[in-house]
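Below: one structure, written as structure tokens.
As the structure is a prediction and not an experimental result, all values here were calculated from the model.
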Amino acid sequence: MREKLVVIGNGMAGMRCVEELLKLNPDLYDITVFGAEPYGNYNRILLSPVLAGEKTVDDIMVNDLAWYAENNITLHANKTVVEIDRRNHRIVASDGTVEPYDWVLLATGSDPFVIPVPGHDLPGVITFRDIHDVDAMIDAAGQYRNAVVIGGGLLGLEAANGLMKQGMDVTVVHLMDSLMERQLDATAGGMLQRSLEERGMKFRLSTETEAILGDGRVEKLRFKDGEEIPADLVVMAVGIRPNTALAQKAGIHCERGVVVSDTMQTFDPRVYAVGECVQHRGLTYGLVAPLFEQGKVCANHLARRSYASYQGSVTSTKLKVTGIDLFSAGEFLSAEGSEEIVLSDPHNSVYKKLVVKGDKILGAVLYGDTGDGAWYFDLMRNSSDISEFRDTVLFGQAHLGDSGTGGEDRVSALPDNAEICGCNGVCKGDISAAIVEKNLFTLEDVRAHTKASSSCGSCTGLVEQLLASIVGDYSTSPKQKPLCGCTEHTHDEVRQTIVSQSLKSIPAVIEFLDWQSPDGCHVCRPALNYYLICAWPGEYSDDQQSRFINERAHANIQKDGTYSVVPRMWGGVTTPAELRAIADVADKYDIPTVKVTGGQRIDLLGVRKEQLPAVWGDLNKAGMVSGHAYGKALRTVKTCVGSEWCRFGTQDSTAMGVDLEKMSWGTWTPHKFKMAVSGCPRNCAEATIKDFGVVAVESGWELHVGGNGGVKVRATDLLCKVKTAEEVKEYCGAFLQLYREEAHYLERTAPWIERVGLAHVKDRVVEDAENRKQLHARFLESQKYAQDDPWAERATETSATETVTREFQPIIELESV
Amino acid sequence: MSDWLKVGTLEDVPVLGARVVRTGAGDIALFRTKADEIFALDDRCPHKEGPLSQGIVHDKSVTCPLHNWKIGLTTGEAVAPDEGCVRTYPVKLEGGGIYLQIAAKPVSRAVG
Ligand code: SRM
Ligand SMILES: Cc1cc2nc3c(=O)[nH]c(=O)nc-3n(C[C@H](O)[C@H](O)[C@H](O)COP(=O)(O)OP(=O)(O)OC[C@H]3O[C@@H](n4cnc5c(N)ncnc54)[C@H](O)[C@@H]3O)c2cc1C
Ligand code: SF4
Ligand code: FES
């Protein structure tokens, strides 16, 4: 017999939790759901666009009645639960229905707060919470003229906007002297008020309602100062209260909300709770994103995986009034010890403010131009160090050097056939259709179902905007992203556990950390393999089957299944003998294309897999080794001619490049790692867009880090200046090792430095000489095991590599009979 | 119905890896799972003909090396949201030998 799970409340949080539970284990429970509303479950946040006539009720259904049936869930719609009989383990509903339970999930949401002024119970006085309320408003708009909304917060303004769109004359009455005072400062609140006034909305700020008057139905409103205004409809939107009545009656501990632990369990271990009804670590939430996070954690425990933990959420707010861009997150008023960075352009209706403490962002208010909201929010959530770009931070992320595919920022203006994801050729229309048809809510969902934004990621912002425009804004993602779909653990947790638990193989990690798939997937296996190599140099034996084919075959796979071979050309320097050997190989193996790469060396393209060992053998004989053009590894070290030849050269940049390449070739890194050395600040080797770039100057060498010339161009940050060539090598090795030990797999140095802050890197590599020496020493130690040419190993079939090399040959050749 | 033809031994295929059987009509990929099951599929991804044998094998599926489509080894079908199917071949393990049901005979090296 399956155990019985009874869910009370079929709103957004409860049903999301059930969906997560079904994903983890569809067969564990007999699930019964009680919902006081007479529907399946719907996307409550889209009630505002429904009221504004931009969407219909059908558009916002998340799970219709058929969904419950398909998943064997018994739904008691339109039935309110009146008792949790904890002693006898049963649930009682208002119509007398009784359901026994083993486990309860409480998800009763909240109740809108009604100010108990005289007349608050007159017909025509309503709140804004469910479909019923929206129907009542639309109905009133068809018959009456004057609407009054009490409450100038988010909900109140969305209600007022909707009623205005429905043709009513709307006045917003607000107790405070500024709108949305819980999200906006007075300046932004004032700008918002002006643009709403321009649309025809009226305001009575600093005004308190004394009574609602009417004979049989609301007719007018009287304020404390005695003035009266006509009102045929009054919407109270003055706040919400966690709906704890049922839990309280059952004797479950409540404060402002139903109190839960980090596992979403209430004081009764049989009863879990999620959503707006919950109080967690002293906080209650009124936005969807945190509730979804709670649902996921709760599902993890209901499914008896028992490791997830909810740590609380940081939230951000946007106002869903079409044509008004407004964003707010965190602390938006400066307090003791914090400062404000402000950009105010009233003429263009743009206002941006960041509240900063030390080097961290505490909060943001954006009005008129919210394009960078998600970026500020990320910086805030990750406590990123902004000291390096503090002077330009208000101009936005684009100002940091985001060129390339950026730029298009208004997805709503694009036609359906506009290509959003250039890598996978996915159009706006395809994505919208998938979001609607397959009920997608998050970026991850969209990636999995459409492939959009799943390759290079430069269209992520557009996809997020599109999601927000269709299902509303869920921009808070969990604070820390899991490594992949096989696990809840983050990159950092996995790395730390590998070291602290001395885990020395992929199966050991997968078992210890309770992976959800027997042997991982193409995302986590290469990451784990790298983390193990980095943690246990010389000891861990590389798992070939966990490497992407390029690294397994030590050559780049091409679109037709052939490979490309790129021999190392130290510092971009070659010799006639090497060139001759390359030419001979190209002739001998009939290699179709020989191309000079963007990395100062030569690429042989179109080599068949079974030819690889022989091609390598020939190149080896001429003294050449693998260029690792295929690997998350050291790639090229570009150089310029430098002081040896150039009339401007200040140092021998070519020799420096060769030395750096000889020191670091063969190392495995979280993502590819590129270097360059220029002989003077003219910088012909483009050192300032490399992971580690060196620019020679008269007095020594400038060291630059964190550059990227790819999808998103980022110029380097200056790490420091040093005097001697020895120092260049030491700093280079130390920087490489810090990156190797700390970055997430597939994170280039540019995003890594943006995440941890340049100050952190300087602390470790520049200021702390002892630490630098240790990092450098650890790097050299790991290099002892890394600098065996993989080609030599495979070209000369020794018994140890025989299993590897024979993979290059077909197992058998057949001819048809 | 064609005969069972021995194409190699279990040891010839790495665990969680693959080898190809070369035929006049294109390669057939032999995959080996952790539990030592063998599956045989055309070595052509339904997306853009990527060589599936070069992908990462996990559980009973393989991720194509070119654009990460996931193909189920039992059915040859792409895992949703991708759509497409590759041909699978009957294959069996007997006494450590891998046998493929196919109308062909070896041309190159002898198999023991
Ligand atoms: C061969 C080459 C193009 C050429 O013909 O010149 C090339 C070819 C590829 N690049 Fe590149 N990149 C080449 C220089 C570059 C450069 C220029 C440079 O290194 O100075 C860049 C910009 C600099 C940078 O990385 O910051 C570059 C930025 C990329 C990116 C974007 C990386 C990023 O962080 O944004 C990718 C995609 C990725 O790595 O995920 C990429 C990925 C690729 C891949 C590996 C795509 C793939 O996964 O198959 C291509 C492999 C083709 C092959 O089989 O060789 N390639 N690629 C160049 C090889 C240089 C070498 O000698 O090793
Ligand atoms: C108009 C509007 C706009 C919003 N806009 C946004 C936005 O833009 N972004 C955002 O993040 N959030 C927004 N929100 C807030 C968001 O909708 C809520 O945070 C979310 O719906 C709460 O989910 P929940 O499951 O906790 O509660 P609910 O979705 O309210 O679900 C609770 C359900 O339980 C039922 N119930 C209660 N008691 C019982 C009982 N005893 N027996 C049976 N059933 C019961 C209720 O009828 C209800 O259906 C908006 C809310 C509204 C009303
Ligand atoms: S070589 Fe680089 S830029 Fe050219 S198509 Fe391939 S990935 Fe794109
Ligand atoms: S060819 Fe296989 S995923 Fe594209």
Side-chain angles (χ1 to χ4, degrees), chain A residues 423-425 430 434 438 440 445-452 454-455 486 506-507 510 515-526 529 543-553 555-563 609-610 803-804 806-817, chain B residues 2-3 5-9 11-25 27-30 32-35 43-45 48-51 53-70 80-82 98 100 102-111:
Chain A
C423 293
N424 295 301
D430 301 339
K438 303 198 168 129
L440 312 181
D445 291 347
V446 175
R447 284 181 175 155
H449 282 87
T450 67
K451 295 263 158 167
S454 64
S455 296
C486 302
I506 291 177
I510 286 183
W515 241 241
Q516 287 161 31
S517 51
D519 24 66
C521 69
H522 72 280
V523 179
C524 58
R525 287 238 305 276
N529 193 51
D543 178 19
Q544 291 299 304
Q545 304 307 335
S546 295
R547 285 203 178 260
F548 180 61
I549 179 61
N550 286 0
E551 294 185 354
R552 199 171 348 126
N556 289 66
I557 195 162
Q558 304 295 316
K559 55 189 274 190
D560 61 355
T562 65
Y563 289 81
K609 193 179 186 191
E610 55 273 27
T803 38
V804 181
R806 64 182 184 173
E807 257 197 87
F808 290 92
Q809 307 302 331
I811 192 169
I812 189 172
E813 288 190 33
L814 301 178
E815 87 190 324
S816 320
V817 290
Chain B
S2 353
D3 289 336
L5 178 74
K6 183 166 181 184
V7 292
T9 65
E11 282 66 48
D12 290 333
V13 187
V15 180
L16 292 179
R19 292 288 295 278
V20 299
V21 173
R22 181 138 303 161
T23 80
D27 289 353
I28 297 171
L30 297 178
R32 175 171 171 185
T33 65
K34 194 155 70 188
D43 197 16
R44 276 190 302 273
C45 178
K48 292 187 175 171
E49 310 203 334
S53 58
Q54 313 298 300
I56 289 183
V57 181
H58 43 98
D59 205 2
K60 285 185 192 176
S61 50
V62 60
T63 300
C64 177
L66 294 197
H67 317 97
N68 294 334
W69 279 32
K70 226 171 29 177
D82 298 320
I98 302 172
L100 199 59
I102 187 170
K105 63 179 188 359
V107 285
S108 64
R109 46 187 181 137
V111 287

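Inter-residue side-chain proximity for B/Val20 and A/Ile811 is flagged as unmet; no heavy-atom pair is nearer than 4.5 Å. The shortest distance between side-chain heavy atoms of A/Phe808 and B/Arg19 does not fall below 4.5 Å. Side-chain contact check for B/Pro14 versus A/Gln544: every heavy-atom pair is 4.5 Å or farther apart. Residues B/Glu49 and A/Lys559 are not in side-chain contact: their nearest non-hydrogen atoms beyond the backbone lie 4.5 Å or more apart. Using a 4.5 Å cut-off on side-chain heavy atoms (C-beta onward), A/Pro526 and B/Ile56 make contact. Looking only at side-chain heavy atoms (C-beta outward), A/Leu814 and B/Leu5 come within less than 4.5 Å of each other.
Proximity to chain B is limited to the side chain of A/Lys609, based on heavy atoms less than 4.5 angstrom apart. Contacts between B/Leu16 and chain A at a heavy-atom distance below 4.5 Å involve backbone atoms as well as side-chain atoms. Using a 4.5 Å cut-off between heavy atoms, B/Val62 makes no contact with chain A at all. Neither the backbone nor the side chain of B/Ile28 comes within contact range of chain A; no heavy atom of the residue lies under 4.5 Å from a heavy atom of that chain. Proximity to chain A is limited to the backbone of B/Ala18, based on heavy atoms less than 4.5 angstrom apart. Looking at B/Thr63, only its side chain comes within 4.5 Å of chain A, counting heavy atoms on both sides.
In this structure, the side chain of B/Asp59 does not engage the main chain of A/Pro518 through any donor-acceptor pair within 3.5 Å.
Nearest heavy-atom pair, B/Pro65 versus A/Ile549, reported as atom, atom and distance to 0.1 Å: CB-CG2, 3.5 Å. Closest approach of B/Pro51 and A/Gly561 over heavy atoms only: CG-CA, 4.0 Å.
Under the salt bridge (charged side-chain N to carboxylate O under 4.0 Å, His left out) criterion, A/Asp430 pairs with no residue, sequence neighbours left out.
For the atom pair CD (A/Gln558) and CG (B/Leu66), the distance works out to 9.5 Å, reported to the nearest 0.5 Å. B/Cys64 contributes atom SG, which lies 10.5 Å from atom NE2 of A/His522 (distance to the nearest 0.5 angstrom). Separating the CG atom in B/Asp82 from the OG1 atom in A/Thr450 is a distance of 10.0 Å, to the nearest 0.5 Å.
Using a 4.0 Å cut-off between a side-chain N of Lys or Arg and a carboxylate O of Asp or Glu, B/Arg22 and A/Glu610 qualify as a salt bridge.
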Stepwise side-chain contact (heavy atoms from CB on, under 4.5 Å) check, B/Gln54 with A/Phe548: CA-CA 8 Å; B/Gln54 313 298 300; A/Phe548 180 61; over 6 Å; no

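Heavy-atom pairs under 4.5 Å with chain A were tallied for B/Asn68, B/Ile98, B/Val57, B/Val13; the largest tally goes to B/Asn68. For the set B/Lys34, B/Lys48, B/His67, B/Lys70, the count of heavy-atom pairs under 4.5 angstrom toward chain A peaks at B/Lys34.
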